[in-house]
Amino acid sequence: MKKIILAASAFAMMSGAAFASSASGVVATYNEGARVITLESGQSYTVPRDVAIPAIQAGEKVSIQLNGEGDKVNAVLR
């Protein structure tokens, strides 16, 4: 019985990572003070203060990693 519970727990933890989403595109604007990245597609993302943002400029391609609900930025990658 313990093995089944452990297996189910491991599966539940791993499936959370499977639901994480991401967005990628070309930066249209980046407001450094407000920490808002707007892609050419029109999507805007506010990056929390605890997430590092690489040096980015308009015209560069970025990948934005989101949490499982898709409402919080977890990482910004160039």
So which atom in R35 and which in P48 form the shortest heavy-atom distance, rounded to 0.1 Å? NH2-O, 2.9 Å
Check: residues 54-66 side-chain donor-acceptor pairs under 3.5 Å, at least two apart:
residue	atom	partner	partner atom	Å
E60	OE1	Q57	N	2.9
S63	OG	Q65	NE2	2.8

Name every donor-acceptor pair, under 3.5 Å, that has one atom in a side chain of residues 22-34 and the other anywhere in the protein, sequence neighbours excluded.
residue	atom	partner	partner atom	Å
N31	OD1	G33	N	3.2
N31	OD1	A34	N	3.0

